[in-house]
Amino acid sequence: MLSLAFIRENKELLLKGLAKRNFKDAERIVDEVIEKDSLRRNTQAALDQVLAESNKISKEIGNFFKSGEVQKANLLKEKTGQLKIQSKELNEKLNQISKELNELLYQIPNIPNELVPAGSTEEDNEIIFEEGEIPKLHESALPHWELAKKYDIIDFELGNKITGAGFPVYKGKGAKLQRALISYFLEKNSDAGYTEIQPPLLINEASGFGTGQLPDKEGQMYHVGIDNLFLIPTAEVPVTNIYRDVLLKEEDFPICNTAYTPCFRREAGSYGAHVRGLNRLHQFDKVEIVRIEHPDNSYAALDKMVEHVKEILKELGLPYRILRLCGGDLGFTSALTYDFEVYSTAQKRWLEISSISNFESFQANRLKLRFKNKEGKSQLAHTLNGSSLALPRVLAGLLENYQTEKGIKIPEVLQKYTGFDIID
RNA sequence: GGAGAGGUGGCCGAGUGGCUUAAGGCGCACGCUUGGAAAGCGUGUUUAGGAGAAAUCUUAACAAGGGUUCGAAUCCCUUUCUCUCCGCCA
């Protein structure tokens, strides 16, 4: 959520940014926000005045009672009736305006960074980096879901039986490979200075609001109705919410955390060839990195995160590319996002395996995550996060790209975690 | 799940309707004192909103939300969390 002070003072900049996202009705909503904000402040001032008057009289009544002048006190009591009605009305008006104002405010997405290219679809994303050679596979090369079956390492049908579509069962070397990837990713992140966290996998409404999943995107999460909790769609939610309602000191920066968690996504609809196998699941594993940064450093931090993930992909020997997302493809809360895609050779398509974003102060404002700056004033911090990495598509890439006629080879960096060098 | 007790500032802790403008202590900051330090003494020490060029003024906040009252940390209701005992349990 953008701050009202920012919206008031940077209307043109805001409209320009929203245009880049093809955000409809921007001017109407922004004008309405500005108008309601001004109305809210006037109402607040009026209410304060009534309350101040009322407080004053109450004190006088107290004094009269104490000095035994009961009649005077009772006379004054009558005077407060009118003030009470007034303050009640003003208070209701204020609540109503604040509610309307917030509803409008929640609709406004973050402003894209100037680096974000204009555009409306995936096609307009900008490819900024590409590395790794696409392997030449033998003629009988298979897509990963066939390989999974052939070597009996992932069982999709079994998942259907136990739960439903999108909940695969990993078996034998498949399960071990998953565990190896998690250990490898966490180890790399720890080595790079990230603190390992094991967060809860269920979150409450306040946490969902803090990172921007609620109130609008609740349909994407699994909801446990009886306790009103949500299964996390990503570790970003619990790990970032560690810092909800927190006032940091400048010397606390940078805060770097990493967490492995399963992630749960409802993502109703869309079944078919492009979501086959591991391409899109309801439950999947992911290792996440989250940073809380001083506003002056957040873009440098974003670059560091990108470099970090590049190194991991390079070590895994997977061909990948980095996209800078265009305005239309950018997430609601993000100011700048880099997507990493791995090439799936058997499917002949790119698969998104990481998304690294700077949210600037958009989440921090919702989270009330601030720090004391050098002037001693509290200021919103910047939040960032990225995957390092999402497992299923990395696994898909590994299976397809490392398949040989003898079996699936395991990249060297993983072998110390798997304990084997081939799946056959 | 059942019964009971609780939630007060950065921390500890008093506070059963009006000198609470939240006592007292600890911590922290600054000053005095000192050769220097400690101790001592003094001053200050929350967050958010509104008005103002600023000094400053003002409103709100004692777990959260409602209510009673001229007036609520204090009384009532709901929710939530913590602790103790019992039950269940990896």
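Values below: all heavy atoms of this structure, side chains included; hydrogens, waters and symmetry mates excluded. Proteins get letters first, then strands, A, B, ... in listed order; numbering begins at 1 in each.
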Under a 3.5 Å limit for both distances, which nucleotide forms a Watson-Crick or G-U wobble pair with [N], could you say?
{"N": "B/A72", "value": "none"}
{"N": "B/U78", "value": "B/A64"}
{"N": "B/G35", "value": "none"}
{"N": "B/A54", "value": "none"}
{"N": "B/G9", "value": "none"}
{"N": "B/C30", "value": "B/G42"}
{"N": "B/C83", "value": "B/G4"}
{"N": "B/A14", "value": "none"}

If I pick the [atom1] atom on [M] and the same atom on [N], what distance separates them, to the nearest angstrom?
{"N": "B/U56", "M": "B/G52", "atom1": "C1'", "value": "8 Å"}
{"N": "B/G6", "M": "B/U16", "atom1": "P", "value": "13 Å"}
{"N": "B/U59", "M": "B/A5", "atom1": "P", "value": "37 Å"}
{"N": "B/A55", "M": "B/A38", "atom1": "C1'", "value": "38 Å"}
{"N": "B/G9", "M": "B/A22", "atom1": "P", "value": "14 Å"}
{"N": "B/G2", "M": "B/G50", "atom1": "P", "value": "45 Å"}
{"N": "B/G24", "M": "B/C77", "atom1": "C1'", "value": "34 Å"}
{"N": "B/G66", "M": "B/G27", "atom1": "P", "value": "39 Å"}

NZ/NE/NH1/NH2 to OD/OE distance under 4.0 Å, [X] and [Y]:
{"X": "A/Arg28", "Y": "A/Glu32", "answer": "yes"}
{"X": "A/Glu288", "Y": "A/Lys286", "answer": "yes"}
{"X": "A/Glu146", "Y": "A/Lys149", "answer": "no"}

> Which sits closer to the 5' end of RNA chain B, A/Asp48 or A/Gly62, going by the nucleotide each is nearest to?
Replying inline: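 Nearest-nucleotide comparison on RNA chain B picks A/Gly62.
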> Closer to the 5' end of RNA chain B via nearest nucleotide, is it A/Glu53 or A/Ala45?
Replying inline: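 This one resolves to A/Ala45.
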Regarding [X], tell me which of base, sugar-phosphate or nothing describes its non-hydrogen contacts under 4.0 Å with the strands shown.
{"X": "A/Ile57", "result": "nothing"}
{"X": "A/Thr80", "result": "sugar-phosphate"}
{"X": "A/Ser54", "result": "nothing"}
{"X": "A/Asn55", "result": "sugar-phosphate"}
{"X": "A/Lys56", "result": "nothing"}

> Can you pull the contact range of chain A along RNA chain B, 5' to 3', using atoms under 4.0 angstrom from its heavy atoms?
Replying inline: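 The contact span of chain A on RNA chain B goes from B/G18 to B/G71.
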>> Tell me every residue that passes salt bridge (charged side-chain N to carboxylate O under 4.0 Å, His left out) with A/Arg324, counting only those two or more places apart in sequence or in another chain.
In response: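 Per chain and number, A/Arg324 pairs via salt bridge (charged side-chain N to carboxylate O under 4.0 Å, His left out) with A/Glu126.
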Show which side-chain atoms of residues 223-233 of chain A pair as donor or acceptor with protein atoms under 3.5 Å away, not counting sequence neighbours.
unit_1, atom_1, unit_2, atom_2, d
A/His223, NE2, A/Asn228, OD1, 2.8
A/Asn228, ND2, A/Glu205, OE1, 3.2

>> A/Phe209: which residues meet the ring-ring contact (aromatic ring centres under 6.0 Å, His included) condition with it, sequence neighbours left out?
In response: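 Listed in chain order: A/Tyr106.
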Could you give the side-chain donor-acceptor pairs of residues 157-165 of chain A under 3.5 Å, partners two or more places apart or in another chain?
unit_1, atom_1, unit_2, atom_2, d
A/Asn160, OD1, A/Ala165, N, 3.4

> Restricting to pairs with a member in residues 96-105 of chain A, which pass salt bridge (Lys or Arg N to Asp or Glu O under 4.0 Å), not counting sequence neighbours?
Replying inline: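 Passing the test, one end in residues 96-105 of chain A: A/Lys36-A/Glu100.
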